[in-house]
Amino acid sequence: MSYLLKFLKQYHYIVLFVVLQVLSLVLLARFNNYQASVFLSSANEVSGKIHSWTSEVTGYFGLKEANKNISQTNARLSAENIRLKSIIESLTQDSLALQACEQATGDSLHLILTKVVNNSVIHANNFITINKGRADGIKEEMGVISGTGVVGIVYLAGDHYSIVLPILNSKSSISCKISRTDYFGSLHWDGISSQYAYIEDLPRHAEFSLGDSIITSGHSTVFPEGLHIGTIDDMTDSRDGQSFTLKVKLAADFARLRDLIIIDNSRKKAQRIVEDSLKNSLEK
């Protein structure tokens, strides 16, 4: 209190001047319509600016939560899309054959939502760590996708965490095809840009156009057919000139991965059982 009194005593002329100025402005606005309207208009403009700045600041700090919600929504929509494709595929198959297949596998397509806890994109052999493992039903060789496209394959599953081998790894090989014409090949990464991968040795007679969609072929037991991988961005001749190399712009943004979907494509076990049985019989 003593400090306040000392301050008022030292600067009482300035304080009195400010008080009188404010009082005069209030009286001017109170008893003059024009000045009152100008005052209210200015006050509204200042108030609007303050609210606008406040909204921008709170909106900026809310972007993280908004992006998280959008990412989760994309993941859920992708999961639902896969489920619907599986249902349509089931309805178009012979019911007796489908029933036999389900009995042989004991289960069908199962999807597990998970989150990225560690990721890299700058190495020749990148890996992704996710926050679910065997306790959540995850096993090696399960497919991994994001809300926008294919990401990779589960490489190692622990009890509560798993390691994913992404497309951005020199050991990765994803069976894929051109959606419009069904010509297929294997997708590989050249270790340079996290935005692009390549399909090599595509036959010269293969039909394609820049911008065509690249999807999973369904030829492996990891991914069902039709999952989006990317689009054809460029084309070059192979070294021997006998085939094409396609440059594919990847749909998944590997530098911003957050929510992922693990695909338990157990229905494909029936295909693997038949193929292994045929292979064994031919080797005998």
Side-chain angles (χ1 to χ4, degrees), residues 63-64 66-75 77-79 81-82 112-132 138 140-157 161-179 184-202 208 210-217 220 222-223 226-236 238-239 244-263:
L63 284 177
K64 182 177 180 180
N67 287 334
K68 177 181 176 181
N69 292 335
I70 291 172
S71 181
Q72 290 177 343
T73 300
N74 283 338
L77 289 174
S78 296
N81 184 43
I82 296 171
I112 304 169
L113 292 177
T114 184
K115 290 184 179 296
V116 173
V117 296
N118 192 22
N119 184 22
S120 64
V121 297
I122 61 174
H123 307 295
N125 293 307
N126 297 290
F127 290 95
I128 300 171
T129 305
I130 55 177
N131 67 346
K132 290 187 179 179
I138 295 177
E140 285 83 0
E141 298 186 7
M142 286 185 175
V144 183
I145 65 172
S146 69
T148 55
V150 171
V151 171
I153 300 171
V154 175
Y155 178 73
L156 179 65
Y161 293 90
S162 299
I163 303 296
V164 174
L165 183 76
I167 293 175
L168 306 186
N169 189 297
S170 63
K171 296 180 174 60
S172 173
S173 178
I174 305 294
S175 179
C176 60
K177 67 178 181 179
I178 302 171
S179 177
F184 63 89
S186 295
L187 187 78
H188 299 277
W189 188 51
D190 66 350
I192 300 177
S193 173
S194 64
Q195 294 182 309
Y196 299 96
Y198 295 84
I199 302 174
E200 299 179 346
D201 300 325
L202 192 73
F208 62 87
L210 298 184
D212 277 352
S213 179
I214 301 299
I215 60 175
T216 52
S217 65
S220 73
V222 177
F223 294 103
L227 298 181
H228 189 52
I229 297 176
T231 55
I232 300 176
D233 186 74
D234 198 4
M235 175 274 294
T236 57
S238 62
R239 294 179 181 178
F244 293 122
T245 296
L246 301 183
K247 182 180 181 181
V248 178
K249 182 172 178 58
L250 300 173
D253 187 349
F254 285 83
R256 301 177 63 185
L257 294 178
R258 179 190 296 272
D259 299 288
L260 300 180
I261 305 168
I262 312 300
I263 303 175

*Shortest non-hydrogen contact between S186 and C176, atoms and distance*: C-SG, 4.3 Å
*Does any N or O in the side chain of K115 come within less than 3.5 Å of the main-chain N or O of I130, such that one atom is a donor and the other an acceptor?*
no
*Look up atom OH in Y161 and atom CG in N118, then write down how far apart they are to the nearest 0.5 Å.*
11.0 Å
*Does any N or O in the side chain of T148 come within less than 3.5 Å of the main-chain N or O of A251, such that one atom is a donor and the other an acceptor?*
yes
*Side-chain contact, heavy-atom cut-off 4.5 Å: K132 with I138?*
yes
*Once you round to the nearest 0.5 Å, how far does CG of L227 lie from CD1 of I174?*
10.5 Å
_Residue pairs, two or more places apart or on separate chains, that pass salt bridge (charged side-chain N to carboxylate O under 4.0 Å, His left out) and touch residues 169-179_ = K177-D182, K177-E225
*Between the main-chain N or O of L260 and the side-chain N or O of S146, is there a donor-acceptor pair closer than 3.5 Å?*
no
*With sequence neighbours left out, what residues match F244 under ring pair (Phe, Tyr, Trp, His ring centres under 6.0 Å)?*
F208
_Minimum heavy-atom separation for I153 and F223, please, with both atom names._
CG1-CE1, 4.0 Å
*N169 side chain to N126 main-chain N or O, any donor-acceptor pair under 3.5 Å?*
yes
_Value rounded to 0.5 Å, distance of CD1 in I214 from NE2 in H228_ = 9.0 Å
*Distance-only, no hydrogens or angles: does the N125 side chain make a donor-acceptor pair with backbone N or O of S170 under 3.5 Å?*
yes
*Indicate the atoms forming the closest heavy-atom contact of V150 with T216, along with that distance.*
CG2-CG2, 3.8 Å
_Under 3.5 Å, is there a donor on one side chain and an acceptor on the other for S217 and S175?_
yes
*Just checking, any donor-acceptor pair under 3.5 angstrom between side chains of S172 and H188?*
no
*Please check if atom OH in Y196 has more than 12 non-hydrogen atoms from other residues, nucleotides or ligands closer than 6.0 Å.*
yes
*Go through the structure and list residues passing ring pair (Phe, Tyr, Trp, His ring centres under 6.0 Å) with Y155, not counting sequence neighbours.*
F127
_Can you tell me how far apart CG (L168) and CZ (F254) are? Round to the nearest 0.5 Å._
4.5 Å
*Taking S120 for its side chain and I122 for its backbone only, find out whether a donor-acceptor pair lies under 3.5 Å.*
no
_Minimum heavy-atom distance A157-E140, with the two atoms named_ = N-OE2, 3.1 Å
*Of all the heavy-atom pairs spanning Y198 and T245, show the shortest one and how long it is.*
CD2-CG2, 4.0 Å
*asked:* Could you measure the distance from the OG atom of S194 to the NE2 atom of H123? Nearest 0.5 Å is fine.
replied: 12.5 Å
*Only one of I232, D233, L246 forms a side chain to side chain contact (heavy atoms under 4.5 Å, CB included) with L210, so which one is it?*
I232
